[in-house]
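Since the structure comes first, as structure tokens, the remarks are kept for the end.
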Amino acid sequence: MKPRLRFAPSPSGYLHIGGARTALFNWLWAKSQGGVFVLRVEDTDQERSSIESVRAILDAFRWLGMDWDEGPEVGGPYAPYFQSERKAIYREHVERMISGGHAYRCYCTKEELDRQREELKARNPKAQFVYPGTCRNRTDQPDLPYVVRFKSPREGSTEFVDKVFGHITTPNAAQQDFVLVRTDGYPLYNLAATIDDHLMDITLVARARDHIGNTPQQILIYRALGWEPPEFAHLPMMLSPKGDKLSKRHTAVSVQEYRDRGYPAAGVLNYIVRFGWSAGDQEIFGLEELVKKFSWDHVNKSDGKFDDKKFADVAFEHLKRPELTPLDAYAENVRPFLAERGLTEPNARTLVAAIPGIRERARTYKDAASDLDFYFREPPELDTKARDKLLDAAGAARLVELADALAAHEPWDAAALEAAVRTWSEARGLAIKEVAQPARVALTGRSASPPLFEVMVVLGKERSLARLRRAPALLTA
RNA sequence: GGCCCCAUCGUCUAGCGGUUAGGACAUCGGCCUCUCACGCCGGUAACGCGGGUUCGAUUCCCGCUGGGGUCGCCA
């Protein structure tokens, strides 16, 4: 049977970076095995779920380049893929569990249980409240609101073999009679996930380690329903730099935030995949390569801390390498950030010519847009501090002379230009620096830029000479 | 507290009984240089502790310590 993997987000916010990692591992395994990747929306909590979140999550998936074979928008043979539309299915199986003696209706109110919980806490702050089983053996059926609870076995233990953690055994006595269905009739996570994973023929459930404790409960449900559990794989946690749970307080945690900051999607994926997984010493991977190399054998068990610097470096690596980010892709990705700066229609030829010069300088597309700015603005924005430091009247006058000298210069390529300017400078007893730095201010408006002669080539002869001749005007600008 | 899990440089990790314990990021020093970068060279830096098993443990076992997860009518 072809492997069927799934990612099942609850649409109560953006796609979290940790969630993206879980999804990625599932996606990679599905791709590499010729299997199916399913997206299922766990929206049984009506209070917290929203359609905006669904859209945000799907957008994040699209941006990351993780496509789903079944799920929202694309449908599939196991539809519907929204749990809120599957209530009838859950109800049917819950009835079966009740009549089979594996579940029961509990009429204890939340208020009542909360009160008991508090009382216990008051007497003994360390104690943990456990549902006392009040309705466990109840035979009457009062006309009152109720929840459905699982009738946990009191003896024995539940075990499973995790693809990452190996054998895990939990005594059943540690399990209380957890709730399956809420008063409002909506199923709870453990119930809905279990039923759907089975009905959707999921073969491997891969999720973060914080679900490891749910697994025995879910296995108990599978058994109660007479089903065989799928395989399980739990991933170590991605923690904040400080070592606690990753949350909004620490760093950028939503996928869209990384997009908005100008990081390349493949770089984001590359960083998170290396989190808990490795392939020898290799650090940088393209997406296709990941599909080929990913396997569960090299997934770690220990949690890790998110590192912004390492993250930035991995992303940068993707920006630098043309084999990972081809020129045209780079151009497309930087456009929105140029647009943010008001440069909505940058000359396409100039853009493509300029990118090689900035791609090893810009750590994000946002930085790239900033670095590229001067190519598309006439005159370029002037950094007056750079001007004050590097350009004076004598220097400006020299640049005009240089422009005149270069007017007849052929060919207009970097090597020839450099040779010409060096010769020109030497003839005047000037170090190249004394000409290049003022020229940089005139040509780019800044103190830092790609190599001067490359800038001149991208700018073209006409614009380069015009900018050099404008140098004296800059002094009073 | 119950249950479950984890443990190699500051961080992500390689290692699957015998290695000068490797790589990457970060950091420090240097080189390159028209600026900023990139790149290159080099340095500092780790097997938590205690017992076993073994000719030999980072590696296997046990305990301790430390860390994390989870104990909801959230997922």
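All chains are named by letter (A, B, ...) in the order of the sequence lines, taking the proteins before the strands, and each is independently numbered beginning at 1. The model shown is predicted, which means the values in this text are computed figures rather than measured ones.
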Review point. Can we call the ring centroids of A:Y104 and A:F150 under 6.0 Å apart?
Key: no

Check your understanding: Between B:A75, B:U13, B:C73, which nucleotide gets closest to the side-chain atoms of A:T183?
Key -> B:C73

Review point. What integer number of Å spans the P atoms of B:C9 and B:G67?
Key: 16 Å

Check your understanding: Once you round it to whole Å, what is the distance between P of B:C74 and CD of A:Q217?
Key -> 14 Å

Study note, to complete from the structure: A:D303 atom CG is separated from B:A7 atom P, nearest whole Å, by 10 Å

Review point. Just checking, any donor-acceptor pair under 3.5 angstrom between side chains of A:Q437 and A:R440?
Key: yes

Check your understanding: Looking only at atom P, what distance separates B:U44 and B:C6, rounded to whole Å?
Key -> 34 Å

Practice item. Would you indicate which nucleotide in B:C6, B:G1, B:G23 comes nearest to any side-chain atom of A:D281? Key: B:G23

Check your understanding: Nearest to the side chain of A:H298 - B:G72, B:G23, B:G15?
Key -> B:G15

**Study point:** Short side-chain N/O contact from A:K301 to OP1 or OP2 of B:G68, under 4.0 Å
**Key:** no

Exercise for review: Counting heavy atoms from C-beta on, name the nucleotide in B:C34, B:G1, B:A37 closest to the side chain of A:F453.
Suggested key: B:C34

Exercise for review: Consider the side chain of A:L188, meaning its heavy atoms from C-beta on, and name the nucleotide among B:G72, B:C34, B:A75 that approaches it most closely.
Suggested key: B:A75

**Study point:** Distance, C1' atom - from B:A14 to B:U53, rounded to whole angstrom
**Key:** 26 Å

Review point. A:W277 pairs by ring-ring contact (aromatic ring centres under 6.0 Å, His included) with which of A:F285, A:W296, A:F25?
Key: A:F285

Exercise for review: Please report, rounded to the nearest Å, how far the P atom of B:U13 is from the CG atom of A:N270.
Suggested key: 13 Å

Review point. With a 6.0 Å cut-off on ring centres, are A:F7 and A:F37 close enough?
Key: no

Check your understanding: Do any side-chain nitrogens or oxygens of A:R359 fall under 4.0 Å of OP1 or OP2 in B:A37?
Key -> no

Practice item. Output the single nucleotide from B:U70, B:U35, B:C73 whose closest atom is nearest the side chain of A:R117. Key: B:C73

Practice item. Using atom CD1 of A:I284 as one end and atom P of B:A14 as the other, report the distance to the nearest whole Å. Key: 16 Å

Review point. Quick one: A:D308 CG to B:C12 C1', roughly how many Å, whole number?
Key: 13 Å

Check your understanding: Atom CD1 of A:I212 to atom P of B:G2: distance rounded to whole Å?
Key -> 19 Å

Check your understanding: If you check every side-chain atom of A:S278, which of B:A14, B:A37, B:C34 has the closest atom?
Key -> B:A14

Point to revise | Proximal nucleotide (of B:A75, B:G72, B:C34) relative to the A:E42 side chain | key: B:A75

Check your understanding: If you check the A:R422 side chain, which of B:A37, B:C34, B:C3 turns out closest?
Key -> B:C34

Check your understanding: Any idea which of B:G72, B:C4, B:U70 is nearest the A:T170 side chain?
Key -> B:C4

